[in-house]
Number of protein chains: 2
Amino acid sequence: MRLDPLDEKIIQALTRDGRRSFAAVGAEVGLSAPAVKRRVDRLVAAGTITGFTAVVDAAALGWTTEAYVELYCSGQPRPALLAQDLERLPEVVSACTVTGNADALLRIRTAGVRHFERVLQRLTELDYVTHTKTTLVLSPLFERARSEANPAG
Amino acid sequence: MRLDPLDEKIIQALTRDGRRSFAAVGAEVGLSAPAVKRRVDRLVAAGTITGFTAVVDAAALGWTTEAYVELYCSGQPRPALLAQDLERLPEVVSACTVTGNADALLRIRTAGVRHFERVLQRLTELDYVTHTKTTLVLSPLFERARSEANPAG
DNA sequence: CCTGAAACGTCGACGGG
DNA sequence: CCCGTCGACGTTTCAGG
């Protein structure tokens, strides 16, 4: 889908504050509230905007341990199977298949190292998993969205 | 901060749809709209809810290349310095210091491998960076928030 | 915590560039 | 096509109980 500069500004405004009113966004970008709403509806329908969400501090909810786990598998489990199996584990926050020796890279959040150990065990119980390699997060430095459009996009 | 079951349900509702009205959330959790608003205001003030945002499809904005980069450094650059230097590169979407041989783990989004190569070069231009190790993302499998509270939290 | 009323936001329909 | 204006309806946000 093609984005004009107004769409981009709207996306940036709603990325900064997903609950801003259409009127407030319109005042910022130079449109009326209905015009902003029409564009947002279009962006959501096109899948450019996937949704709106509250951003929650994981540590405040008790998820104090964060880790990246490389998954090494025998055979090549299909991505769809991996997704299905890994999504059953609520501690797996994101997962992707990757280049390199590992087959998948997982991001995991748990309530402590004890809890993390149990998750590792459940991962190795998957029949195609041969071993794992854990990288524990020490200090999260920052995290942000890329809401600017690529000029060549 | 202490969360009761109602707070937790409110957080989950707003995680699923960050633009839900307080009235709609209240209908779901069994509270009036003003009661929900007071609780959300309190959660935001306490930092449990960090903010609200639009979720954007990076690929739709032209960021088609995603990678994880391990950063190997000489000396031990302080986390604050790393954060400051890395945040200047808009392609670095998140960063953290980690256990293991690498000093930091970066998540990077670019408009293609050419663009990614330029980012790698800028990373190695940081004087304390000795080398990097790249893992390219093939298929993102899923990504989600952990909005349930840990019972022991 | 709830209720009620005023201010505000949303979202359709309509007409102009 | 996309914009803006208007008006009805729903939501937010106070105050007071």
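Every value quoted in this text rests on a predicted model; they were computed, and no experiment measured them. Only heavy atoms go into these numbers, but all of them, side chains included; no hydrogens, no water, no symmetry mates. Numbered from 1 within each chain, the chains take letters A, B, ... in sequence-line order.
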Can you give the donor-acceptor pairs under 3.5 Å from side chains of residues 67-87 of chain B to other protein atoms, not counting sequence neighbours?
residue: Glu70(B); atom: OE1; partner: Tyr72(B); partner atom: OH; Å: 3.3
residue: Asp85(B); atom: OD2; partner: Tyr128(B); partner atom: OH; Å: 2.7

Flag, side chain of Ser147(A) to backbone of Ile11(A), donor-acceptor distance under 3.5 Å: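 No; judged by distance alone, with no hydrogens or angles, the pair does not exist.
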Contact summary for Leu61(B) and Arg146(A), nearest pair of heavy atoms: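 Nearest pair, atom of Leu61(B) first, then Arg146(A): CD1-O, 3.6 Å.
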Nearest heavy-atom neighbours spanning Glu66(B) and Pro140(B):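 Closest approach of Glu66(B) to Pro140(B), heavy atoms only: OE1-CG, 4.3 Å.
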Glu125(B), CD atom: more than 12 neighbouring heavy atoms under 6.0 Å: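 Enclosed: over 12 neighbouring heavy atoms sit under 6.0 Å from CD of Glu125(B).
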Where protein sits on nucleotides 1-17 of chain C, one letter per nucleotide: B base, S sugar-phosphate only, - none, heavy atoms under 4.0 Å: BB------SSSB-----
Full working for side-chain contact (heavy atoms from CB on, under 4.5 Å) between His115(B) and Thr65(B): CA-CA 9 Å; His115(B) 182 186; Thr65(B) 298; over 6 Å; no
Angle between terminal axes - the helix from dC1(C)-dG17(D) to dG17(C)-dC1(D), 5 pairs each end, rounded to 10°: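 Both end axes considered, the difference amounts to 30°.
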Residues touching DNA chain D, which here means a heavy atom under 4.0 Å, drawn from residues 44-55 of chain B: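 Heavy-atom contacts with DNA chain D come from no residue of residues 44-55 of chain B; none.
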Residues forming a side chain to side chain contact (heavy atoms under 4.5 Å, CB included) with Asp127(B), sequence neighbours excluded: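 Residues passing side chain to side chain contact (heavy atoms under 4.5 Å, CB included) with Asp127(B): none at all.
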Trace of the side-chain contact (heavy atoms from CB on, under 4.5 Å) decision for Leu106(B) with Thr132(B): CA-CA 10 Å; Leu106(B) 278 41; Thr132(B) 62; over 6 Å; no
Could you go through residues 48-60 of chain B and list every donor-acceptor pair under 3.5 Å that involves a side-chain atom there, pairing it with any protein atom two or more places apart or in another chain?
residue: Thr53(B); atom: OG1; partner: Thr15(A); partner atom: O; Å: 2.7
residue: Asp57(B); atom: OD1; partner: Ala59(B); partner atom: N; Å: 3.4

Within 45° cone of Trp63(A) ring axis and under 6.0 Å: Arg109(A) NZ or CZ: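 Checked: cation-pi criterion not met.
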